[in-house]
Protein chains: 2
Amino acid sequence: MTEKKELILETALKLFAERGFDTTPTSMIAKEAGVSEGLIFRHFTNKEGLMDAILAMSEERMARHVKSIVALAEPLAKIHATIELPVKLFSEEREFWKLQFSLKWQKKYRGQSYRPSGYYLELVEVITDAFRQLGYAEPEKEVLLLVMLIDGLSNQLMQQPSEAFIEQTLSFLKSKYQLDKLKS
Amino acid sequence: MTEKKELILETALKLFAERGFDTTPTSMIAKEAGVSEGLIFRHFTNKEGLMDAILAMSEERMARHVKSIVALAEPLAKIHATIELPVKLFSEEREFWKLQFSLKWQKKYRGQSYRPSGYYLELVEVITDAFRQLGYAEPEKEVLLLVMLIDGLSNQLMQQPSEAFIEQTLSFLKSKYQLDKLKS
DNA sequence: TAGTTTTGTAAGTGATTACTCACTTTTAGT
DNA sequence: ACTAAAAGTGAGTAATCACTTACAAAACTA
């Protein structure tokens with residue numbers, strides 16, 4: 001990976017997240033990155049190839065996050081870490097994950113990288129087990145609920161990313177998943 | 001509203017939902033609707049004007065749904081109806097609401113019609129009150145939780161719209177909001 | 001150092017796109 | 001029936017876009 005290739009990748013990511021894939025011309029990416037437009041096509045073949053490279057990065061980063069959750073010992077810690085995941089994601093690389101989430105609604109990319117991939121299935125499995133260990137009656141459904149909650153939380157974070165709001169919401173959510181709550 | 005104007009609106013809605021705003025040329029809309037391309041601009045000035053007209057429809061339809069929820073007598077019925085809202089939306093006019101949700105992530109339209117508008121604020125207020133009546137300790141936060149849940153549910157419905165799945169999920173969610181559950 | 005591959009550039013190019021314009025047809029008010 | 005406004009058409013047009021090509025510089029290999 002040469003310096004300029006990486007620069008193109010980062011610039012494209014930033015611009016795609018800010019303005020969307022279709023509304024960001026390759027000429028703009030080149031200009032912003034300070035390289036010739038042709039270089040984009042030398043390295044990534046297509047505009048779509050550029051996006052695919054970004055998506056591959058996403059896959060890797062997410063896999064790392066999931067790995068760290070799976071490594072936790074306590075089932076409750078795993079669940080809490082999962083709740084915290086979107087906050088962590090956005091605080092670290094906001095634009096990057098924003099792009100990921102917006103892609104869910106684009107037909108073009110829903111078939112490829114967003115289809116439940118390895119790390120997602122692993123996380124679901126691990127969290128199901130965590131619920132089971134905690135004595136929940138319907139662990140599979142609880143996972144689904146948690147997934148929905150996290151999706152919704154991500155949406156909220158995009159629209160209201162204030163520190164205070166995040167803190168409040170997180171602690172409220174965690175209080176819903178505590179040892180002394182009923183498990184029906 | 002002439003017949004052809006309405007035809008343009010419906011066709012554009014369908015195509016925008018299927019293929020996205022930016023990747024749907026006005027020429028395609030005209031061809032599919034069986035009208036001349038110029039007519040689109042006569043009626044809606046811009047391609048963006050066409051989208052604005054669609055967004056205005058959305059506002060109206062959503063307002064109707066909210067009104068019917070607000071009209072319910074029992075607080076629990078209001079909450080359950082809110083949970084059912086996304087299912088109702090998607091079963092009735094899938095493409096239409098899909099477009100709405102995808103727009104949340106587009107900068108262009110986030111400032112305009114998607115900003116918490118009248119009906120949304122009213123619904124939040126009413127549901128907050130419902131939680132209060134049911135004796136929940138923190139009704140404001142419960143509403144937020146419910147909003148996130150509904151966002152997440154909408155996401156799920158887009159990816160897995162099978163009847164059985166919807167039915168299961170709905171009844172599970174409703175069971176979480178029952179009179180005999182604790183309200184901490 | 002000679003030769004080869006890789007990285008980089010600048011200037012196109014054809015296709016597509018949103019939008020315009022000159023014009024005709026239909027509708028509606030009096 | 002006359003007329004003015006509104007609805008509708010079809011053939012442009014300028015601009016933009018993804019991508020190509022011919023070529024040069026740099027980096028690697030022997």
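The chains referred to below are lettered A, B, ... by the order of the sequence lines, with proteins before strands, and numbering in each begins at 1. These figures come from a predicted structure and were not determined experimentally.
- When the C1' atom of D:dA18 is taken as reference, atom CE of A:Met51 falls 15 Å away, rounded to whole Å.
- Under the rule for a salt bridge (charged side-chain N to carboxylate O under 4.0 Å, His left out), B:Lys31 has no partner lying at least two apart in sequence or in another chain.
- Counting to the nearest Å, the C1' atom of D:dA18 and the CD1 atom of A:Ile40 are 10 Å from each other.
- The residue A:Lys5 sits apart from the nucleic acid: no heavy atom pair falls under 4.0 Å.
- Residues meeting the salt bridge (charged side-chain N to carboxylate O under 4.0 Å, His left out) test with B:Lys67, sequence neighbours left out: none.
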Could you write out each protein N or O paired with an N or O of nucleotides 19-24 of chain D at a distance under 3.5 Å?
from   : atom 1 : to      : atom 2 : distance (Å)
D:dC19 : OP1    : A:Asn46 : OD1    : 3.4
D:dC19 : OP2    : A:Lys47 : N      : 2.9
D:dC19 : N4     : A:Glu37 : OE1    : 3.4
D:dC19 : N4     : A:Glu37 : OE2    : 3.4

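- Checked against side chain to side chain contact (heavy atoms under 4.5 Å, CB included), A:Glu37 has the following partners two or more places apart in sequence or in another chain: A:Thr26, A:Ser27, A:Ala30, A:Phe41.
- Rounded to an integer number of Å, the gap from CD of A:Glu3 to P of D:dA26 is 15 Å.
- A cation-pi arrangement, defined by a distance under 6.0 Å to the six-membered ring centre and an angle within 45 degrees of its axis, is absent between A:Lys98 and A:Phe16.
- In this structure, the side chain of A:Lys47 engages the main chain of A:Thr24 through a donor-acceptor pair within 3.5 Å.
- Looking at residues two or more places apart in sequence or on another chain, you find a ring pair (Phe, Tyr, Trp, His ring centres under 6.0 Å) between B:Phe131 and B:Tyr136, B:Tyr177.
- By the salt bridge (charged side-chain N to carboxylate O under 4.0 Å, His left out) test, B:Lys141 is found to be paired with B:Glu138, residues two or more places apart in sequence or in another chain being considered.
- Applying the salt bridge (charged side-chain N to carboxylate O under 4.0 Å, His left out) test to B:Lys14 and every residue at least two apart in sequence or in another chain returns B:Glu32.
- Rounded to whole Å, atom P of D:dT16 lies 17 Å from atom CD1 of A:Ile29.
- For B:Ser102, there are no side-chain hydrogen bond (donor to acceptor under 3.5 Å, both in side chains) partners, not counting sequence neighbours.
- Extent of DNA chain C lying under 4.0 Å from chain A heavy atoms, first and last nucleotide in 5' to 3' order, is C:dT7 to C:dT9.
- In this structure, the side chain to side chain contact (heavy atoms under 4.5 Å, CB included) partners of A:Glu74, at least two apart in sequence or on a different chain, are A:Ala77.
- Computed from coordinates, the B:His43 NE2 to D:dG8 C1' distance equals 8 Å when rounded to whole Å.
- For A:Phe90, the ring pair (Phe, Tyr, Trp, His ring centres under 6.0 Å) partners are A:Phe101, not counting sequence neighbours.
- Contact check of residues 6-16 of chain B against DNA chain D (heavy atom, cut-off under 4.0 Å) returns no residues at all.
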